[in-house]
Amino acid sequence: MENNLLSIIIFAPLAGAAINWLVGRRVRNERFIGTIACGAIAISTIVAFYLALNPQGALRTEVPVLDHIWTWLRVGTFHADFALA
């Protein structure tokens with residue numbers, strides 16, 4: 001089953017770390033940095049629970065949840081894809 005929300009689990013904490021690295025050094029406010037970090041992890045957790053527990057989720061179906069992000073390399077019949085499963 002194809003689902004584009006799967007990449008949010010990986011990229012939300014990465015985006016939070018990038019925001020804290022770029023903006024947090026200038027702001028130097030622990031409350032701001034903590035809010036960004038906890039918010040990114042909360043978003044990732046909520047999406048993970050949603051994908052696992054919804055009626056067509058990973059825990060209730062036999063088909064794996066997939067997210068094809070891009071094809072990195074294609075030579076003849078060989079495909080090297082960047083995907084999450």
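All values below come from the heavy atoms of this structure, side chains included, with hydrogens, waters and symmetry mates left out.
With a 4.5 Å cut-off on side-chain heavy atoms, S44 and I8 do not count as touching. When side chains are defined from C-beta on, L51 counts as touching V47, because their heavy atoms get closer than 4.5 Å. Residues F11 and I69 form a side-chain contact, since some pair of their non-hydrogen atoms from C-beta on lies under 4.5 Å apart. Within the 4.5 Å cutoff, side-chain heavy atoms of V75 are placed close to those of L73.
Side-chain atoms of R28 never come within 3.5 Å of backbone atoms of G24 as a donor-acceptor pair (strictly under, hydrogens ignored). Here the side chain of D67 pairs no donor or acceptor atom with the backbone of L84 at under 3.5 angstrom.
Smallest separation of non-hydrogen atoms from H68 and A83: CA-CB, 3.9 Å. The nearest pair of heavy atoms linking R26 to L22 is NH1-O, 3.2 Å. The nearest pair of heavy atoms linking A40 to A12 is CB-O, 3.4 Å.
Listed by chain and residue number, P13, T45 satisfy the side-chain contact (heavy atoms from CB on, under 4.5 Å) test with I41 (two or more places apart in sequence, or in another chain). R31 meets the side-chain contact (heavy atoms from CB on, under 4.5 Å) test with N29, T35; sequence neighbours excluded. Under the side-chain contact (heavy atoms from CB on, under 4.5 Å) criterion, Y50 pairs with L5, N54, not counting sequence neighbours. R74 pairs by the side chain to side chain donor-acceptor pair (under 3.5 Å) definition with H79, not counting sequence neighbours. Applying the side-chain contact (heavy atoms from CB on, under 4.5 Å) test to W70 and every residue at least two apart in sequence or in another chain returns W72, F82.
Cluster partners of L59, using a side-chain heavy-atom cutoff of under 4.5 Å among ILVMFWY residues and allowing indirect links, are F49, L53.
The CD1 atom of I19 lies 5.0 Å from the CD1 atom of I36; values are rounded to the nearest 0.5 Å.
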